[in-house]
Every structure is written in C-alpha cells, then in structure tokens.
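Naming convention: chains lettered A, B, ... in sequence-line order (proteins, then strands); numbering from 1 in each chain. Side chains are part of it too, since the values below use all heavy atoms of this structure and drop only hydrogens, waters and symmetry mates.
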Amino acid sequence: MDDSSFTFGKKEKLCSRKTIDLLFSKGRGFMAYPIRVQVLPVKELPEDVPVQAMFSVSKKRFKRAVKRNLLKRRMRESYRLNKHNLYNVIEHNDLQLAVAFLYISGDEMDYHSIDKGMKKAIEKLVAKIEKNEFTP
RNA sequence: ACAGCAGGCCGGCUUGUCGCCCAAAGGGGAGGAAAGUCCGGACAACACAGAGCACUGCGCUUCUUAACGGGAAGGUGGCUGUAAAGUCACGAAGGUGUAGCAGAAAAUUACCGCCUUUAGAGGUAAGGGUGAAAAGGUGGGGUAAGAGCCCACCGGAUCUUGUGGUGACAUGAGGUGCCGUACACCCCGCAGGUUGCAAGACCAUGUAUAUCGCGGUACUCAUUUGAGUACGGAAUGGCUCGUUCCGGUUCUUUUUACAGAUGCCGCGAAGGGUAGGUCGCUAAAGGGAUUAGGUAACUGGUUCCGCAGAUCAAUGACAAGCCCCUUUUUAUCAGGGACAGAAUCCGGCUUACAGGCUUGCUGUUUUU
RNA sequence: CGGGAUGUAGCUCAGCACGGUUUAGAGUACUCGUCUGGGGGGCGAGGGGUCGGAAGUUCGAAUCUUCUCAUCCCGA
C-alpha cells in the first residue's frame, strides 16, 4: 500500500460518455444493499489506472439535489477509503475495470451504513475477480 | 407589559485527520433564495428596402433605471381591520353589447295593488314577493292616485370659476333635477423580428453518396427546352400591398441550324459521420466603507477589495469543543440544528424557510 | 442547463380556445335485468367524478387570472 492510495482524483473517475453507455448495456451487475454495482472489464482506459468508478443516485427516489449530492459524496468517501484491497487484486490479474455504484435504497442512510454496504460490495467484487469471472 | 402592523439584517462558530475542483506563487471555492423560469436586459447567430392592418402584453400621477409588467413617493374609490396598515381597481372624449334561473319587469318595465272610467282603455313607481343587482335617501307640499312633479336637507354627477400642488387631485363659491349596477368589447397611448451559451466560433476524427447550385470537358450518341407581357408559383411575413427570384401559354406536323440543360469530373451546400478537446467563461449596469444631493427608490464623488468557474459535473467525510432548541425542578445524559446546491451573466418578481437580532408605528391595561 | 406540452369516471379521450350560466358527455370496463338450454354476443337500466392542488375575479369557474405539484417530449 503506497501513500497515494487514499486519493480519488479525476483520473480515477469514470467520465467518458461512451464507456458509461457501454457499461450499462453490456456490463454485469450485482447487489450489495443499499448499493447496486455494475461492472465491465475494459481493454483501453484512457488513463493508466486500474479502475474508473462513478456514483449515482436516482432522481426518482430523491427529488432534492442536496440529498443526491450528499449520498454521492458519502459513497465516494467510503470507496476512497476502502479501494486499496480492490486495487491490489486487480494489479495481480492485469485487468482494467469500469465500475458504477448506484444507490438503491429509498431512504437517506448515514455514513456508517453506507460504508458497511461499500465494504461488502468491494469484497464481493474481489471474490468474483479471484474466480476469474472477468478474464475473457 | 401583552397583542399586533410595516420594514431591514443574520442564516451556526472553531480546531484536527483524510480528501476534491480552479489556479500553479501565495491563494480562492455555493445561496438568500443558487429554486420556479414569471418579466426585463446584456451577449450571440440568423433574418430584414419600406408602408398599413391585425395579434399579444401593459395602462391613476410624478419620479427612478440599461430595461421592465419591477421599485420609490403620492392621489381617488371599494373591501377587511378598533387602529397601525393590507388588498383590489383606476387611460382625454365618446360609442356598442351582454346579464341564465327566479321575477310583472334586468331598462323607454306595469303582474297584484292604487286611481280615472259603464266597459274598452289609460295614468302611476308609494306598498308586495323574486334576485347578486329593481329607478338616489328622508321629510313636507302637491295630486283623481302618484312621481325630482315642486321645495328643504343630505349623498353623488356635471359645467363655470378662485386657491394650493410639477401632477394625479384637494378645497371654496356659483349654476344645472342631470341621478341604477356589474362585466366585456370598440377606442386611445406605449412596447414587441426569431431563436437561445446544447447560442455561436475553432480544432480533431473522417465512411458510402440520394438531391441542389457553380465551373470545366465532350458535342459522338440519347432525352429535353427556346424573346417579352398577361398569368402562375416561391422568398420576405401573422396577413395585405410592395419588392426580389423562378416558371411559361401562343392551330397542328415535319426538317435543318444555333444555344442551353442532364448523363462525366472538380468545388460548395445538403446528407451522413463524430459524442473527444479548446474558446465563449467570468471584471460585472461588481461589491464593501464613507461622503454629497434627494422624503425615498436612486444618482454623483473619494477610497479599499479583486470574490466559484465544474462539464455525468468540485466545494466533502469523520471526530472533538462551543452556541441554540426539545424533554427534565435544575444539571448530567439523550435527541435535534430550517429551506435548500452555482452551470453564460446581470436587474427584479414569486415560491420555500428552524431560529435569532433590530427600527418605526398602532391598540389594550397598569404606573408616573 | 434551455425550450415546450399535458393533468377530466378504473382506462382512452370530448367539453375548455375568442363566447363563463345545459344534468360534465362518449367509448371501453364494472353491476343488475332480459333474449339463449348454457357461453359469447345483442338490447335495456344503473353505479362510479371534490375536473391534479390552493388562492383570487365573479351573483356563478372544469373553463378566466396567479401560485404550486406531478408526468411527458424536444434541443450539442
């Protein structure tokens, strides 16, 4: 684990509209309540990082932009602090992934509950990688 | 002191750990509404010789402003309130229309009643019920019975005129019996080209070409057309005139010549493709303090500051302390801290909002 | 982010516009009756609406005005 492993810069964010479209049409998903994860192995990410991630909260479930922003920020914070495990595994397997985290629950949860969910999600994802589900 | 009316301001604070965006040097990083997108501008692209009509919006006065349907101060009337105040309406002059049901009648009214009269017929708005609204009100005279028919007072309207005010208007004097209500339209004045930063400009990527315009080549072959006007069509536009552009009839048939167009090539438009980047993009009708003018909105001067610019989208998470609120006699503990997140930028309006501070005014009660 | 449209019976729509006053209407679905031995289908009758919500104008609002809440569409 190096020093920069708690950062979450622009390089690690999933920005390309094209890859997002591809992720939701071809990627595979699983649940880790209150989060739904959508994953796709990508050949050529534009930046030299193992994972590009994005976070999303439905407008239907939360009308107010303030609440959506708050939940996205909590998810991002939790991902930032827990991602090192995922990075290690991926570098071992020589992969690049595009990942989306969608907030599914209908009510506003505090940071600790979201953190629990995020840890569970990453564990599941790591397990799937170790079973070689994403190697083509 | 309590209750209330009108206005202004604030919109938790501090520290630590780990992070994000812009700049690359320090530094800076959500709001009063960033919201709704209801008005008005700036800015950009496109359109545009001009004139008239229509449509839409606004409509008391004076001022304010880049502009406004906003704001300030003020006027008149209706409604609400004991009051402070709030709210709605208001265009010189004039014209037209509508008012279901009920009711005699919704505006040149006559069912009952009253009066004249043999009857037919006529007069009448005092009384009646209907309705949202019923012919200014009270008293007296008058009359067949009644009525502004006449008179007094009161409430309006209108004309003449004096005074005050920049003005809307206010107020005094005199004249005229002139006297229902509500709404809408006509009319008058002012404003309005359209679309919006996903506007628009540039770069990168780059695959067949339907179609249209311009230029060139070939005139071998095939097809087709032939001056001008009436006329028709298109563009401009909400519509009309006008302007500009295009088409093209002429009794029929044949031959020849000339010129043009299409089939070929190039360029441009369009179409198709791309979904990446740069600019627009933040210094602005800017903000704070102070001062001068003005009742005020606002304007001028001086001085200081340089104040978010993301692009699937930053401005955060966690912890501790303080502050405020709720429960509790108090403290501890526990729970909670409104509405809400920039997206081209400004000026307003409207809507949402815990709690707190503050100025002026009104009413009631008590004391002096 | 910008622009625009629509909310009426369980469902799909009329009626709204410039004109305010009718019992808010049609199709389908539902219930009952009837024709049939029964089903389907036909015929007849019936129930079901605070016209998305709240204020205002008016004697009177689904309709006009203002605010508000949903849903949908278009734009590099």
**Q** What does the list of N/O pairs under 3.5 Å between the protein and nucleotides 340-343 of chain B look like, with a distance for each?
**A**
unit_1, atom_1, unit_2, atom_2, d
B/G341, OP2, A/A65, N, 3.3
B/G341, O6, A/R73, NH1, 3.4

**Q** Please examine the side chains of A/F8 and A/R76, heavy atoms only from C-beta on, and report whether any two atoms are closer than 4.5 Å.
**A**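 Sidechains of A/F8 and A/R76: in contact.
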
**Q** Please classify the nucleic acid contact of A/R68 as base, sugar-phosphate, or nothing, using heavy-atom distances under 4.0 Å.
**A**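 Since no nucleic acid heavy atom lies under 4.0 Å of A/R68, the category is nothing.
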
**Q** Roughly, in whole Å, what's the span from CG in A/N82 to P in B/C318?
**A**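 Rounded to whole Å, this separation is 14 Å.
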
**Q** Paired with B/U256 by Watson-Crick or G-U wobble geometry, both distances under 3.5 Å: which nucleotide is it?
**A**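 Because no pair has both required distances under 3.5 Å, B/U256 counts as unpaired.
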
**Q** Counting Watson-Crick and G-U wobble pairs only, both distances under 3.5 Å, name the nucleotide matched with B/C149, or none.
**A**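 Partner of B/C149: B/G141.
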
**Q** Considering every strand shown, what is the Watson-Crick or G-U wobble mate of B/G162 when both distances are under 3.5 Å?
**A**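 The base-pairing partner of B/G162, which may sit in any strand shown, is B/U171.
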
**Q** With sequence neighbours excluded, tell me which residues meet salt bridge (charged side-chain N to carboxylate O under 4.0 Å, His left out) with A/K116.
**A**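 Counting only residues at least two positions away or on another chain, A/K116 forms no salt bridge (charged side-chain N to carboxylate O under 4.0 Å, His left out).
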
**Q** When you measure from the centre of the six-membered ring of A/F30, is the NZ or CZ of A/K128 under 6.0 Å away and within 45° of the axis?
**A**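 Here A/K128 passes the 6.0 Å and 45° test against A/F30.
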
**Q** How about A/F62 and A/Y103: do any of their side-chain heavy atoms sit closer than 4.5 Å?
**A**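 Yes, close enough: below the 4.5 Å cut-off.
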
**Q** With the side chain counted from C-beta on, respond yes when A/P34 and A/I104 share a heavy-atom pair under 4.5 Å apart, and no when they do not.
**A**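 No, every pair of side-chain atoms sits at 4.5 Å or beyond.
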
**Q** Which heavy atom of A/M75 sits nearest to which heavy atom of A/I114, and what is that distance?
**A**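 Scanning both residues completely, I find the closest heavy atoms to be CG-CG2, 3.9 Å.
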
**Q** Hey, which sits more toward the 5' end of RNA chain B by its nearest nucleotide, A/H112 or A/I20?
**A**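 Result of the comparison: A/I20.
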
**Q** Produce the list of close N/O pairs, under 3.5 Å, pairing protein atoms with atoms of nucleotides 74-76 of chain C; give distances to one decimal.
**A**
none

**Q** Watson-Crick or G-U wobble partner for B/A132, using a 3.5 Å limit on both distances?
**A**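 Across any shown strand, B/A132 pairs with none.
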
**Q** Roughly how many Å is it from NE2 in A/H84 to C1' in B/C18, rounded to a whole number?
**A**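 The distance from NE2 of A/H84 to C1' of B/C18 comes to 14 Å, rounded to the nearest Å.
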
**Q** Which comes earlier along RNA chain B counting from the 5' end, the contact point of A/Y111 or that of A/M54, where each point is its nearest nucleotide?
**A**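 Nearest-nucleotide comparison on RNA chain B picks A/M54.
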
**Q** How long is the line joining NZ of A/K59 and C1' of C/C72, in whole Å?
**A**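 So the NZ-C1' distance, A/K59 to C/C72, works out to 13 Å.
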
**Q** Side-chain contact test, heavy atoms from C-beta onward, threshold under 4.5 Å: evaluate it for A/V37 versus A/I35 and give yes or no.
**A**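 A side-chain contact under 4.5 Å exists here.
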
**Q** Send over the distance from A/L14 CG to B/C20 C1', rounded to a whole Å.
**A**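 Whole-Å distance recorded here is 17 Å.
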
**Q** Any strand counts, and the cut-off is 3.5 Å on both contacts for Watson-Crick or G-U wobble. Which nucleotide pairs with B/C187?
**A**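 When the pairing criteria are applied, B/G91 turns out to be the nucleotide that pairs with B/C187.
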
**Q** Quick one, A/Y111 and A/L70 - any side-chain contact, counting heavy atoms below 4.5 Å?
**A**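 Sidechains of A/L70 and A/Y111: no contact.
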
**Q** Taking N or O atoms only and anything under 3.5 Å, show me the protein contacts with nucleotides 2-4 of chain C, one pair per line.
**A**
none

**Q** Okay, side chain of A/N82, backbone of A/S78: is any donor-acceptor separation there less than 3.5 Å?
**A**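 Judged by distance alone, yes, a pair lies under 3.5 Å.
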
**Q** Across all strands shown, which nucleotide pairs with B/U98 by Watson-Crick or G-U wobble geometry, both distances under 3.5 Å?
**A**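 Matched B/U98 with B/A182 under the 3.5 Å cut-off.
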
**Q** Under 3.5 Å for both donor-acceptor distances, Watson-Crick or wobble: does B/C43 have a partner, and if so which one?
**A**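 Its partner is B/G196 (Watson-Crick or G-U wobble, both distances under 3.5 Å).
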
**Q** Within this structure, what is the CD-to-P distance between A/E12 and B/G19, rounded to whole angstrom?
**A**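 Nearest whole value for this atom pair: 12 Å.
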
**Q** In dot-bracket form, how is RNA chain C paired, counting a Watson-Crick or G-U wobble pair only if both its distances are under 3.5 Å and using | for bases paired to another strand?
**A** (((((((..((((...........)))).((((((.....)))))).....(((((.......)))))))))))).

**Q** Could you tell me which non-hydrogen atom of A/V99 sits nearest to which non-hydrogen atom of A/L14, and how far apart they are?
**A**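 Reported closest heavy-atom pair: O-CD2, 4.2 Å.
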
**Q** Can you say whether a donor on the side chain of A/R80 sits under 3.5 Å from an acceptor on the base of B/C20, or the other way round?
**A**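 Not at all, since no donor on one side and acceptor on the other fall under 3.5 Å apart.
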
**Q** How far apart are the closest heavy atoms of A/E91 and A/P50, and which atoms are they?
**A**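 For A/E91 versus A/P50, the nearest heavy atoms are OE2-CG, 4.1 Å.
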
**Q** If I take atom CZ from residue A/R74 and atom CG from residue A/D115, how far apart are they, to the nearest 0.5 angstrom?
**A**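 Atom-to-atom, A/R74:CZ and A/D115:CG are 11.5 Å apart.
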
**Q** Quick check: do A/K72 and A/V57 have side-chain heavy atoms less than 4.5 Å from each other?
**A**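 Answer yes - side chains close enough.
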
**Q** Shorter than 3.5 Å, N or O on both sides, protein versus nucleotides 21-23 of chain B: list them out with atom names.
**A**
unit_1, atom_1, unit_2, atom_2, d
B/C21, OP1, A/K10, N, 3.1

**Q** Considering all heavy atoms of both residues, which atom of A/K124 and which atom of A/M31 are nearest to each other, and what is their separation?
**A**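 In terms of heavy atoms, the two residues are closest at NZ-O, 2.7 Å.
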
**Q** Does the structure show a Watson-Crick or G-U wobble partner for B/G316, both distances under 3.5 Å? Name it, or say none.
**A**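 Its partner is B/C18 (Watson-Crick or G-U wobble, both distances under 3.5 Å).
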
**Q** Using the ring of each side chain (for Trp, its six-membered ring), is A/Y79 parallel, tilted or perpendicular to A/F101, with breaks at 30° and 60°?
**A**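 Tilted.
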
**Q** Using atom CE of A/M75 as one end and atom P of B/C20 as the other, report the distance to the nearest whole Å.
**A**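 After rounding, the gap between these two atoms is 18 Å.
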
**Q** Give the rounded distance in Å between these two atoms: NZ of A/K83 and C1' of B/G19.
**A**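 So the NZ-C1' distance, A/K83 to B/G19, works out to 10 Å.
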
**Q** Which whole-number value in Å describes the distance from A/D110 CG to B/G336 C1'?
**A**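 From A/D110 CG to B/G336 C1': 15 Å.
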
**Q** Would A/R80 and A/E12 pass as an ion pair if we require N to O under 4.0 Å?
**A**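 A/E12 and A/R80: not salt-bridged.
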
